[in-house]
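Atoms within a ligand are numbered from 1 in the order they appear, just like the ligands themselves. What's counted below: heavy atoms across the whole structure, side chains too, no hydrogens, waters or symmetry copies.
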Amino acid sequence: MTSESDEVRARLRADLRHLHPYGAPQLDVPVQLNTNENPYGPSESLRQAIADAVAGVAGTLNRYPDRDAVELRKDLADYLGHGLTPGQVWAANGSNEIIQQLLQAFGGPGRSALGFEPSYSMHPLISQVTGTRWVAGKRDADYGMSTAAEQVTLHQPDVVFVTSPNNPTGTAVPLELIAEVYGAAPGIVVVDEAYGEFAREGTPSALTLLPGRPRMVVCRTMSKAFAAAGTRLGYLAADPAVIEALLLVRLPYHLSTVTQAVARAAIAHRDEPLATVEVLRRGRDDLVGWLRERGLTVADSDANFILFGIFEDRGAVWQGLLDRGVLIRNTGPNGWLRVTVGTPAENDAFKRALTEVVPL
Ligand SMILES: Cc1ncc(COP(=O)(O)O)c(C=O)c1O
């Protein structure tokens, strides 16, 4: 690169210089099982509803959007249930932006955030970008979190992340443990439920813990079970005081009119994407069984992806699958790989490719 570029690099914040950008590969291959999306695209009727919703607001695009996304928050509160009101719900461009706003408001210079690794890689990255010191908490050997509350007591972080089901392990966290973490935490406890809808039947959401816990935040997204990753819509439920705090850091008009309209159309037609959840859960359980039958080690999963291994050279396995048109994710602890559950045809393609790359 030119010396002019070096001059720019020299101006970058010193605390960002060692970081790498988020980089899940986006490759145009036939079977994409790497970013935990719902593989089922919208039906003809849902596509029409989305097109109608966009057409309905197109004539207003000379104006800024509803800054507070009032109607959308009503719809989200209605979807979440648990007696939540729109004043307890907030929305942004993906739950990544929700996490960023939370850290801008409750983290920042001189403050710290703690998560239990391995977990979602953006928690530490957004922490560092917002000047929040990251504390890498630990999990048990089986990815449980039996010492979570002790770690929180020890480090006294301003923000704690509990991801349930966890990415990349798929592990669900029992509610009693989340309540314990809350009891030990001096500050905000963010329960990231991006994959909440995929949890096993009867697994309660941390939304049930919200009453009487004003420092608890439950984050959700429309990117996974809702099959709307391209819409970029994340949301949270929390005490109204949390949302008041976020109003200070959010950019004015952060959520476009088009995003709000498309998200509302998707929520109105939610029965369609949510009907795929059961199919994907079955696909997950089948795939877990199949991988175990092949002698592989597989983490228990309550999500729409599976962490499996343990390979001496996971990069070679990942590349072998890619050479056969199947893209999965090279992530997680050393030796492990993560595969997203796809359609039955995609799962079969993955099985065929893995059988070739890792013969029994
Ligand atoms: C645990 C977790 N949280 C949050 C997100 C961010 O999702 P989005 O920004 O698409 O809502 C992801 C995406 O993979 C995730 O795995």
Side-chain angles (χ1 to χ4, degrees), residues 21-26 32-39 69 72 76 79-80 89-104 113-127 129-130 137 139 143 145 159-173 178 189-199 205-206 217-237 246 250 254-256 259-260 262-263 266-267 273 280 284 299 301-307 327-332 336 338-342:
Y22 177 83
Q26 287 196 299
Q32 299 180 3
L33 302 175
N34 70 325
T35 43
N36 301 342
E37 295 138 323
N38 188 321
L72 172 61
L76 289 167
Y79 165 63
L80 287 176
V89 174
W90 181 241
N93 295 283
S95 49
N96 282 328
E97 192 181 45
I98 291 277
I99 292 162
Q100 185 179 51
Q101 292 180 350
L102 286 166
L103 285 162
Q104 284 173 324
L114 181 150
F116 303 92
E117 297 189 347
S119 191
Y120 182 44
S121 63
M122 288 305 295
H123 294 155
L125 187 56
I126 302 174
S127 293
V129 166
T130 57
R139 283 174 181 262
Y143 302 128
M145 294 191 359
V159 179
V160 180
F161 288 99
V162 177
T163 309
S164 184
N166 185 47
N167 176 13
T169 60
T171 325
V173 184
I178 299 176
V189 175
V190 181
V191 186
D192 186 337
E193 288 193 347
Y195 303 96
E197 287 93 344
F198 293 107
S205 160
V217 176
V218 180
C219 282
R220 293 282 192 98
T221 180
M222 292 181 69
S223 299
K224 310 297 179 185
F226 253 101
T231 304
R232 305 305 299 128
L233 201 290
Y235 54 102
L236 64 72
L246 298 190
R250 66 93 187 268
H254 66 295
L255 206 51
S256 87
T259 302
Q260 294 186 38
V262 172
I267 296 166
L280 291 167
R284 167 194 68 202
S301 176
D302 269 44
N304 66 331
F305 53 83
I306 299 161
L307 191 70
L327 176 62
I328 67 166
R329 192 80 194 277
N330 187 345
T331 190
W336 295 77
R338 191 193 72 194
V339 60
T340 304
V341 179

Legend entry - Residue pair Asn166 / Thr171, side-chain donor-acceptor N/O under 3.5 Å: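 Short answer, no.
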
Considering only non-hydrogen protein atoms, determine which one is nearest to [atom] and report residue, atom name and distance to 0.1 Å.
| atom | value |
| --- | --- |
| atom 3 (N) of ligand 1 | Asp192 OD2, 2.7 Å |
| atom 7 (O) of ligand 1 | Ser95 OG, 3.2 Å |
| atom 12 (C) of ligand 1 | Tyr120 CZ, 3.4 Å |
| atom 9 (O) of ligand 1 | Arg232 NH2, 2.9 Å |

Inset, instruction - Quick one: look at Met222 and ligand 1, take heavy-atom pairs under 4.0 Å, and tell me if it's side chain, backbone, both or neither. - result: neither

Legend entry - ligand 1 contact on Lys224 by region, counting heavy-atom pairs under 4.0 Å: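 Only the side chain of Lys224 comes within reach of ligand 1.
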
Legend entry - Polar atom proximity, Asn167 to ligand 1 (N or O, under 3.5 Å):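 So ligand 1 has an N or O lying under 3.5 Å from an N or O of Asn167.
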
Inset, instruction - State plainly whether the residues Glu197 and Arg220 are in salt-bridge range, i.e. N to O under 4.0 Å. - result: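 Counted as a salt bridge, because a side-chain N and a carboxylate O are separated by less than 4.0 Å.
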
Check ligand 1 against [X] and write out every atom of the ligand that is under 4.0 Å from a heavy-atom position of the residue.
| X | result |
| --- | --- |
| Ser223 | 8 (P), 10 (O), 11 (O) |
| Thr163 | 1 (C) |
| Tyr195 | 1 (C), 13 (C), 14 (O), 15 (C), 16 (O) |

Inset, instruction - Quickly, which of Val89, Val218, Leu102 forms a side-chain contact (heavy atoms from CB on, under 4.5 Å) with Leu236? Name it, please. - result: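 Output: one option passes, namely Leu102.
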
